[in-house]
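Naming convention: chains lettered A, B, ... in sequence-line order (proteins, then strands); numbering from 1 in each chain.
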2 protein chains.
Amino acid sequence: MRSYLDACGITRALDVVGERWAIPVIRELIFGPRRYSDLDTALPGVSTNILGARLKELVKAGVVVKRRLAPPTPANVYELTPWGAALEPVLIELGRWGSRTAVDLSHQALSASSLALSLKTTFDAHAAAGVELDAQLVMGEDCFGVHIGSGVLTIGRDAPHTGRASGLRLHADPPTMASYVYQGLEAAGTAFDVIRIEGSRGSAELFTRCFTLPEPPTKGTL
Amino acid sequence: MRSYLDACGITRALDVVGERWAIPVIRELIFGPRRYSDLDTALPGVSTNILGARLKELVKAGVVVKRRLAPPTPANVYELTPWGAALEPVLIELGRWGSRTAVDLSHQALSASSLALSLKTTFDAHAAAGVELDAQLVMGEDCFGVHIGSGVLTIGRDAPHTGRASGLRLHADPPTMASYVYQGLEAAGTAFDVIRIEGSRGSAELFTRCFTLPEPPTKGTL
DNA sequence: CAGCATCCCGATTGATACTG
DNA sequence: CAGTATCAATCGGGATGCTG
């Protein structure tokens, strides 16, 4: 196992999660356990052997645990340990920094977990002051429940169609959802079936206004 | 240039700073411009060709700028752009997470920048409540000025022997300095010349108490 | 289908030598 | 001092095949 051989905390962290695909794998596990195939499909571009190798390394390092679900639906899942889950602030900060690069949201992959995490990085507590609402984001198989209240955002995986009599439910694939939240309805396309909004137009407005992309980097010299 | 081809902010960040040695290089630049040879010696283990390649890539990406210093001491230096400097929260969080792994502080490299950054990640505002002091940390050529006041830590490079009539000045190489701050005088060794403390024993106590290592990870399941 | 192991190839890294 | 050039070793990516 490759190491920087450096006592610095940063390089010691990189010794564990610095290999290619390690952070993206952890990103997919942030909202709860996932199966091998979930990870494989959520991470387009990763080779199956690399995915297996990373999971094995992360398990050995104590970042991830492999667990078998109870008999109703027996399946092997990978899950973050408490230490692994403590990487969330790192991911948030990384995402906040990286979101300040231009990108064509179409023609690139975007997993449901990525979108959900991005809401955490772009949540604007100031803009959300006074807002109190529940929403459900349905992206194919992946469904997330969102609560905004007291300037705090809570988001987690949710069973579809189980929303708490939610005032708002959005159906779209992740890239379309991102376009809608960050760039408005017109950017998300208006074709039937691309995005479906259940709830008042007002609550949808209220929701999207709580999330703002950071400014792109100023190219000026220091 | 290799890319995750993923619209997620996290992977876009990794497209820029995810290659091996990129983050350590940025760590060395956090406290200001450095020359090529400074980086080379502060990063034991990096090959000069890799260092050159990373710097070139980081410059092209807009994270780093190459600049020539004014004629008194003309030298090429590398410096973070504002966008690059915005990586500091990422490094802080990474360091905080990574510092929770066991390590033998001796027999591993530790650069002066690493130690200075680690003070930022381990600063305990609660423990520093009511503390008001200036200190200077002298580690060979590298000298840092530290100010603690109002529960806030300020740290930056400083010209040696220019301290503001500082109440405290510590001389040691970075690993010894780390041992002293985090594990106390006995761990730092008591041999003459290993560590030199100018100032009252009380202020040194006050200083070190402001920094606490996080707890090691609990190995229990989630 | 879940979870890998294998094989091959191109890309990246690392150590060293070398140049302006 | 400040890098570039060279070359061997390793790693990542993709396809394929195996096993329960």
Report task. Report the relative orientation of the aromatic rings in Tyr78(B) and Tyr36(B); use parallel for angles under 30°, tilted for 30 to 60°, perpendicular for over 60°. Result ->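 The arrangement is tilted - the two ring planes meet at 30° to 60°.
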Residues in side chain to side chain contact (heavy atoms under 4.5 Å, CB included) with Ala109(A), at least two apart?
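Listed in chain order: Pro44(A).
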Counting only non-hydrogen atoms, which of residues 33-53 of chain A are less than 4.0 Å from DNA chain D?
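Correct list: Gly45(A), Ser47(A), Thr48(A), Asn49(A), Ile50(A).
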* Under a 4.0 Å heavy-atom cut-off, which of residues 14-26 of chain B touch DNA chain D? ->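 Per residue number, the list is empty: none.
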- So what does Arg68(B) touch, heavy atoms closer than 4.0 Å: a base, only the sugar-phosphate, or nothing?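 No contact at all - Arg68(B) keeps every heavy atom at 4.0 Å or more from the nucleic acid.
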Margin query: So, using ring-ring contact (aromatic ring centres under 6.0 Å, His included) as the criterion, who are the partners of Phe144(B) when residues are at least two apart?
Written below: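 Phe144(B) satisfies ring-ring contact (aromatic ring centres under 6.0 Å, His included) with Phe31(B) only.
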Between P on dG13(D) and CZ on Arg54(A), what's the gap in Å once rounded to a whole number?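 Computing the Arg54(A):CZ to dG13(D):P distance gives 8 Å.
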### Task
Scan side-chain atoms only and decide if Ser114(B) and Arg27(B) contain a donor-acceptor pair under the 3.5 Å cut-off.
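Yes, a side-chain donor-acceptor pair sits under 3.5 Å.
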State, with a plain yes or no, whether a side-chain heavy atom of [X] is found less than 4.5 Å away from one of [Y].
{"X": "Asp6(A)", "Y": "Leu110(B)", "result": "yes"}
{"X": "Asn76(B)", "Y": "Lys66(B)", "result": "yes"}
{"X": "Leu137(B)", "Y": "Phe207(B)", "result": "yes"}
{"X": "Leu58(B)", "Y": "Leu80(B)", "result": "no"}

Between [X] (side chain) and [Y] (backbone), is there a donor-acceptor pair under 3.5 Å?
{"X": "Trp97(B)", "Y": "Gly9(A)", "result": "no"}
{"X": "Thr81(A)", "Y": "Gly62(A)", "result": "yes"}
{"X": "Arg96(B)", "Y": "Thr121(B)", "result": "yes"}

| said: Taking 4.0 Å as the cut-off, does a side-chain nitrogen or oxygen of Lys56(B) come that near to OP1 or OP2 on dA2(D)? | reply: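 It does not, given that no N or O in the side chain of Lys56(B) lies less than 4.0 Å from OP1 or OP2 of dA2(D).
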| Counting just side-chain N and O atoms, does Tyr78(A) come under 4.0 Å of either OP1 or OP2 of dC4(C)? |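 Yes, because at least one side-chain N or O of Tyr78(A) sits under 4.0 Å from OP1 or OP2 of dC4(C).
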What's the verdict on salt bridge (Lys or Arg N to Asp or Glu O under 4.0 Å) for Glu28(A) and Arg34(A), showing C-alpha distance, side-chain angles and the deciding distance?
CA-CA 8 Å; Glu28(A) 291 301 318; Arg34(A) 308 264 82 195; over 6 Å; no
Each nucleotide N or O in nucleotides 18-20 of chain D that has a protein N or O under 3.5 Å away: list the pair and distance.
none

Provide the closest heavy-atom pair for Asp173(B) versus Met139(B) in the form atom of the first, atom of the second, distance.
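Where Asp173(B) meets Met139(B) most closely, the heavy atoms are C-CG, 4.4 Å.
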Short N/O separations, protein against nucleotides 18-20 of chain C, under 3.5 angstrom:
none

